[in-house]
Student: 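Following this message is one structure expressed as structure tokens.
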Amino acid sequence: MSFSMGFVMALLGAALSTILAGMGSAWGVGLAGQAAAGVVSEDPNQFAKVLILQLLPGTQGIYGLLIAFIALSNIGLLGGQVDTGMSVGTGLMYLFACLPMAFVGLVSAMQQSKASVASIGLVAKRPDQFGKSMIFPAMVETYAILALLISILAINGIPR
């Protein structure tokens with residue numbers, strides 16, 4: 001079986017979406033986890049609160065994986081007719097449609113982890129402010145959701 005350059009470009013888009021957003025989430029969850037562990041070492045009763053704040057930067061990795069699944073499904077790799085001979089133009093469309101989630105996922109997860117770390121510090125000092133502390137990292141999440149939406153719309157707009 002031979003693969004066209006267009007098919008390879010489409011696969012590259014799906015891979016970048018998963019890899020970059022996943023890298024950002026792994027970095028973000030790790031950084032927030034370090035801060036959370038420090039809080040729990042002083043006050044084990046704060047575990048549930050800081051765990052939620054730690055997990056927030058992990059959503060971008062999930063979004064990147066979702067975009068990859070949608071792209072792979074559209075090119076037939078997930079139970080359909082595989083288009084290994086797709087044109088370079090179509091392959092580039094898939095690549096570029098996946099890039100918003102790939103790059104925004106990477107950056108927003110890293111930035112969200114910083115907001116999560118700050119919020120974990122807030123919870124450590126003022127446990128009663130947990131609800132307010134959730135707002136700061138959630139604001140960064142907004143941009144990951146926007147990138148997710150634009151990538152979904154772009155992929156679904158590619159003619160088959």
Student: Is there a continuous path of hydrophobic side-chain contacts, each under 4.5 Å between heavy atoms, that joins Phe136 to Ile120?
Tutor: no
Student: Test of understanding: clusters of I, L, V, M, F, W, Y form through side-chain heavy atoms closer than 4.5 Å, transitively. Do Phe103 and Met23 belong to the same one?
Tutor: yes
Student: Of all the heavy-atom pairs spanning Gly13 and Cys98, show the shortest one and how long it is.
Tutor: O-CB, 3.2 Å
Student: Can you confirm whether more than 12 heavy atoms, excluding those of Phe130, are under 6.0 Å from its CZ atom?
Tutor: yes
Student: For residues Leu56 and Leu31: do they belong to one hydrophobic cluster (side chain heavy atoms under 4.5 Å, members Ile, Leu, Val, Met, Phe, Trp, Tyr)?
Tutor: no
Student: Is it true that Gln60 and Tyr143 share a donor-acceptor pair across their side chains at a distance under 3.5 Å?
Tutor: no
Student: Among residues at least two apart in sequence or on other chains, which ones pass side-chain contact (heavy atoms from CB on, under 4.5 Å) with Leu92?
Tutor: Met9, Val88, Leu95, Phe96
Student: With heavy-atom distances below 4.5 Å as the criterion, would you say the side chains of Pro127 and Gln46 are in contact?
Tutor: yes
Student: Between Ala32 and Leu53, what is the shortest heavy-atom contact and its length?
Tutor: CB-O, 4.5 Å
Student: Show the nearest heavy-atom pair for residues Ser119 and Ser133, with the distance to one decimal.
Tutor: OG-O, 2.7 Å
Student: What pairs with Ala21 under side-chain contact (heavy atoms from CB on, under 4.5 Å), at least two apart in sequence or on another chain?
Tutor: none
Student: Met139, Ile52: one ILVMFWY side-chain cluster at the under-4.5 Å cut-off?
Tutor: no
Student: Restricting to non-hydrogen atoms, name the atom on Tyr63 and the atom on Ile145 that form the minimum distance, rounded to 0.1 Å.
Tutor: OH-CG1, 3.8 Å
Student: Could you verify whether a donor N or O on one side chain and an acceptor N or O on the other, from Thr90 and Ser87, lie under 3.5 Å apart?
Tutor: yes
Student: For the residue pair Gln54 / Ser116, report whether a side-chain donor-acceptor contact shorter than 3.5 Å exists.
Tutor: no
Student: Could I get the full list of ring pair (Phe, Tyr, Trp, His ring centres under 6.0 Å) partners for Phe7, not counting sequence neighbours?
Tutor: Phe3
Student: Indicate if Val29 and Leu106 have the same hydrophobic cluster label, given that clusters are the connected sets of ILVMFWY residues with side-chain heavy-atom separations under 4.5 angstrom.
Tutor: no
